[in-house]
Amino acid sequence: MNPQIKAFFDAATGTVTYVVHQGDGSDCAIVDSVLDYDPKAGRTSTGSADAVIAFVRMHHLRTVWLLETHAHADHLSAAPYLKQAVGGRIAIGSHIAEVQQAFARVFPQAPGVRREFDHLIEPDEILTIGALEVHALHVPGHTPADLAYRIGDAVFVGDTMFMPDVGSARCDFPGGCAAQLYRSVRSLLALPPATRLFMCHDYPPAGREAKWETTVAEQRAHNIHIHDGVTEEQFVEMRTRRDATLPMPVLLLPAIQVNISAGQLPDAEENGVRYLKIPLNAF
Ligand SMILES: [Fe+2]
């Protein structure tokens, strides 16, 4: 059974949010939502999430899952805001514990302060969205906890590969591993050639519009980092050299402390203001 898929592209962070459903009145899942955040003003806003909510309501969809492919370092998740508006359970891969552990040194929220996810998905676990089956594929490399979600002929690949002309995700965050990413991507590219692949991000090169859907066959033929014939050794060498040149994402520190707490913002302090923390000289 193949899903219907509605994509929402956030140009500010290059992130694609998906609503996966089976038509009006069906159950749906929302994959990788975005809470807008302006780091200059320290201001959150909900324009991106509200567009998703409007779609869900217009089509009378029942939200059963709010799925994260991983703890994003480039945007804040809107999952708690969406949950309040349209329901659904917030879920991420069970290996998130390793990511939380990796950041515990700088963001040591005590258990009880850190909000937990509604559900931790084990590798190869099967969830359901109405009559659709969601197969959770563990695809570590970018982070230890990355999942891809296979739903019928569609796979939401998270941060593993990007569009063929952009390549692959970085592997230099805590717990990242280029060799693991190679194996994860190759496992996805072993799926049938016509499998539709939906990216979590697009960073379009100058002159092309943002795109987020491709196929296994296209990636195997054309992905600039990991097309057929590229060996693990070649990939690791390229990825490691390239990662050494990349700056930290602008929103890494704001995003990670929110996203490892299931997207919940910190509680307000005595003056009624919430604060994100910036650890100094820790990275
Ligand atoms: Fe990411």
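Counting convention: from 1, in listed order, for ligands and their atoms alike.
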Student: Would you mind reporting whether P140 and H95 have side-chain heavy atoms less than 4.5 Å apart?
Tutor: no
Student: Is the Fe ion (ligand 1) less than 2.8 Å from an N/O/S atom of H142, whether that atom is in the backbone or a side chain?
Tutor: yes
Student: Between H70 and F173 (judged by ring centroids, cut-off 6.0 Å), do the two rings come close enough to count as a pair?
Tutor: no
Student: Between R196 and D153, is there a salt bridge with N-O shorter than 4.0 Å?
Tutor: yes
Student: Which atom name does D159 have for its N/O/S atom nearest to the Fe ion (ligand 1)?
Tutor: OD2
Student: Quick check: does any side chain N or O of T143 sit under 3.5 Å from a backbone N or O of A145, one acting as donor and the other as acceptor?
Tutor: yes
Student: Give a yes or no on whether H70 keeps an N, O or S atom under 2.8 Å from the Fe ion (ligand 1).
Tutor: yes
